[in-house]
**Q** 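After the structure tokens below, expect a handful of questions from me.
Keep in mind the model is a prediction, meaning the values are calculated, not measured.
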Amino acid sequence: MSRWASWMPDRVTSRVRALAWWVFATQVLIIGTGGAVRLTGSGLGCDTWPKCTSESFVHNPAMGIHSYIEFGNRTLFFLLEIVAILAVIAVWRFRKQRRDLLWLTIIPALSVFIQAIIGGITVLTGLNPYVVGIHYLASAALVMLAALLVLRVYSGPGPRRLAVSVPLLQTVWIAAIFGLITVVLGILTTGSGPHAGDGGAARNNLDSEALQTVHAVAAYATLLFTAVAAFLARSERAYRVARWAGWSIVVMLFQILVGIAQARLALPPLLVGIHMVLASLLAAGLFLALVETRQRPAKLSA
């Protein structure tokens, strides 16, 4: 017990910050590997759940390499769980002072089981595109919360209040809402396209070209309102909001370039995978811009 106590910090230390970054990195990584499963046609490399087949946890002979790709993605959830549990342990001793950090570490620790269940439903429904979309949205939400965890380990505890003008707050909200719409439309677009995760998986039968157009319009609207938010934030000297709005703009510009390239190159898997990861980073950036509209009072921040 004393050994555990000596390992567990009593305040935010470099170890706590490192674990927060690991939580964030692993949540982004699982989106990347989940995309690899889908884009290599390995979504049904393991045709049941929780086992790979009724006889094996690891290998499905009928699917060859695809079974190892799918099993590898499943195995990564153990890494996420280990990192999340270590993060919970790291903040446990000062949990009363930093309840925000406690919950931001407990959520990913518990979410691994929820994600595993959603993943199981995805397999058991034959990669239903809507269930696959929910799986991605859950992962993106966890990236957002992991980003907030990283932000919080560099800031102090205490209540926060609105620190920006109402027009700026409204603009950031509009940008975030358009960002969410863009991500959802992207999920629907992918669900109507060729990357089903398996050759026999169903599609959502929506019009891909129409979805691509609406998705692009929503993306440009997100870019516009985020740019306005960044301008307003700088004019108000709300530099923390401006920083994350600027980050989101950079990500969106890359997203637009990747989106144009993948549309003109007939959706190559690598570009689609990059697009998926960037979408989660965009969601995190817009979320943090919204979070930073509320700050601790100056007397508490000193």
**Q** Contact between Leu223 and Leu253 at the side-chain level, heavy atoms closer than 4.5 Å - yes or no?
**A**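 Touching, per the 4.5 Å side-chain cut-off.
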**Q** Under a 4.5 Å side-chain heavy-atom rule over Ile, Leu, Val, Met, Phe, Trp and Tyr, are Val183 and Leu257 clustered together?
**A**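 Cluster IDs for Val183 and Leu257 differ.
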**Q** Which heavy atom of Ala84 sits nearest a heavy atom of Pro108, and at what distance?
**A**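 Where Ala84 meets Pro108 most closely, the heavy atoms are CB-C, 3.9 Å.
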**Q** With hydrophobic residues grouped by side-chain heavy-atom distances under 4.5 Å, do Leu278 and Leu265 end up in a single group?
**A**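 Yes, one cluster joins them.
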**Q** Side chain to side chain contact (heavy atoms under 4.5 Å, CB included) for Val16 and Phe94? Distances and angles first, verdict last.
**A** CA-CA 11 Å; Val16 175; Phe94 56 99; 4.3 Å; yes
**Q** Could you give the distance from CG (Asp100) to CG (Leu148), rounded to the nearest 0.5 Å?
**A**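 So the gap between those two atoms works out to 8.0 Å.
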**Q** Under a 3.5 Å cutoff, is there a donor and acceptor pairing between the side chains of Gln115 and Ser139?
**A**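 Checked: Gln115/Ser139 side chains pair up, N/O donor to acceptor below 3.5 Å.
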**Q** When you compare the side chain of Ile256 with that of Tyr220, does any pair of heavy atoms fall below 4.5 Å?
**A**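 Yes - at least one pair of side-chain heavy atoms lies under 4.5 Å apart.
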**Q** With side chains defined as the heavy atoms from C-beta onward, is the minimum distance between Tyr136 and Val132 less than 4.5 Å?
**A**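 A side-chain contact is absent here, since even the closest heavy-atom pair is not under 4.5 Å.
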**Q** Heavy atoms only: give me the nearest Leu168-Ala229 pair and the separation to one decimal.
**A**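 Smallest interatomic distance, heavy atoms only, reads CD1-O, 3.4 Å.
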**Q** Would you check if the side chain of Thr13 reaches a backbone N or O of Pro9 as a donor-acceptor pair within less than 3.5 Å?
**A**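 Between the backbone of Pro9 and the side chain of Thr13 there is no qualifying donor-acceptor contact (under 3.5 Å).
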**Q** Could you measure the distance from the CD1 atom of Ile114 to the CG atom of Leu142? Nearest 0.5 Å is fine.
**A**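 Spacing of CD1 (Ile114) from CG (Leu142) equals 8.5 Å.
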**Q** Begin from the C-alpha positions of Ile181 and Val184 and carry the test side chain to side chain contact (heavy atoms under 4.5 Å, CB included) through to its verdict.
**A** CA-CA 5 Å; Ile181 293 171; Val184 171; 5.8 Å; no
**Q** What is the minimum heavy-atom distance between Val258 and Leu271, and which atoms define it?
**A**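 Of all heavy-atom pairs spanning Val258 and Leu271, the closest is CG1-O, 3.4 Å.
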**Q** Please assess Val251 against Gln255 for the test side chain to side chain contact (heavy atoms under 4.5 Å, CB included), listing each intermediate value before the final yes or no.
**A** CA-CA 6 Å; Val251 174; Gln255 276 284 68; 4.3 Å; yes
**Q** Minimum heavy-atom separation for Thr226 and Ala245, please, with both atom names.
**A**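 Here Thr226 and Ala245 meet closest at CG2-O, 3.5 Å.
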**Q** Rounded to the nearest 0.5 Å, how far apart are CG of Leu19 and CD1 of Ile85?
**A**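 Interatomic distance, Leu19 CG to Ile85 CD1, rounded to 0.5 Å: 12.0 Å.
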**Q** Over all heavy atoms of both residues, which pair between Ile31 and Ser280 is shortest? Give the atoms and the distance, please.
**A**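 In terms of heavy atoms, the two residues are closest at CD1-CB, 3.4 Å.
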**Q** Aromatic rings Phe77 and His135: how do their planes relate, parallel, tilted or perpendicular, breaks at 30° and 60°?
**A**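 Phe77 vs His135 ring planes: parallel.
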**Q** Is there a path of hydrophobic side-chain contacts, each under 4.5 Å between heavy atoms of I/L/V/M/F/W/Y residues, joining Phe287 to Tyr239?
**A**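 No: no chain of side-chain contacts under 4.5 Å links Tyr239 to Phe287.
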**Q** Is there a path from Met276 to Leu29 through hydrophobic residues (I, L, V, M, F, W, Y) whose side chains come within less than 4.5 Å of each other?
**A**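 Both belong to a single hydrophobic cluster.
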**Q** With a 3.5 Å distance limit and no angle check, can you tell me whether Arg17 reaches the backbone of Ser14 through a side-chain donor-acceptor pair?
**A**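 No; judged by distance alone, with no hydrogens or angles, the pair does not exist.
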**Q** Taking the side chain as every heavy atom from C-beta outward, state whether Asn128 and Thr122 have any atom pair closer than 4.5 Å.
**A**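 Result no, sub-4.5 Å side-chain heavy-atom pair not found.
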**Q** Under 3.5 Å, is there a donor-acceptor pair linking the side chains of Gln295 and Arg240?
**A**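 Yes, Arg240 and Gln295 have a side-chain donor paired with an acceptor closer than 3.5 Å.
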**Q** State the CH2-CG distance between Trp244 and Leu286, to the nearest 0.5 angstrom.
**A**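 Trp244 atom CH2 to Leu286 atom CG measures 11.5 Å (nearest 0.5 Å).
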**Q** Is there side-chain contact between Thr105 and Val23, with heavy atoms separated by less than 4.5 Å?
**A**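 When only atoms from C-beta onward are counted, Val23 and Thr105 do not touch, as no gap falls below 4.5 Å.
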**Q** Measure across Arg294 and Arg160 and return the closest heavy-atom pair with its distance rounded to 0.1 Å.
**A**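 In this case the closest contact between Arg294 and Arg160 is NH2-O, 3.0 Å.
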**Q** Distance from Glu236 atom CD to Phe231 atom CZ, nearest 0.5 Å?
**A**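 Output value for this atom pair is 10.5 Å.
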**Q** Take the angle between the ring planes of Tyr154 and Trp21 and call it parallel below 30°, perpendicular above 60°, tilted in between.
**A**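 Judged by the thresholds at 30° and 60°, the geometry between Tyr154 and Trp21 is perpendicular.
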**Q** Using the rule that Ile, Leu, Val, Met, Phe, Trp and Tyr join whenever any side-chain heavy atoms are under 4.5 Å apart, tell me whether Val88 and Phe113 fall into a single cluster.
**A**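 Val88 and Phe113: separate clusters.
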**Q** Is the shortest side-chain heavy-atom distance between Val277 and Ile274 below 4.5 Å?
**A**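 Answer no - side chains too far apart.
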**Q** So which of Asp207, Val214, Leu211 actually passes side chain to side chain contact (heavy atoms under 4.5 Å, CB included) with Thr189?
**A**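 The side chain to side chain contact (heavy atoms under 4.5 Å, CB included) with Thr189 is passed solely by Leu211 among Asp207, Val214, Leu211.
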**Q** Look up atom CZ in Phe225 and atom OG1 in Thr222, then write down how far apart they are to the nearest 0.5 Å.
**A**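 That separation rounds to 9.0 Å.
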**Q** Show your working on side chain to side chain contact (heavy atoms under 4.5 Å, CB included) between Arg98 and Arg11 and close with a plain yes or no.
**A** CA-CA 9 Å; Arg98 296 301 305 267; Arg11 63 190 185 283; over 6 Å; no
**Q** Does any N or O in the side chain of Arg234 come within less than 3.5 Å of the main-chain N or O of Ala242, such that one atom is a donor and the other an acceptor?
**A**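 The answer is no, because no donor-acceptor pair under 3.5 Å joins these two groups.
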**Q** So, Thr293 side chain and Ala289 main chain: donor-acceptor pair closer than 3.5 Å or not?
**A**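 Looks like no, no N/O pair under 3.5 Å.
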**Q** Any side-chain heavy atom of Leu76 sitting closer than 4.5 Å to one from Leu79?
**A**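 Leu76 reaches Leu79 side chain to side chain.
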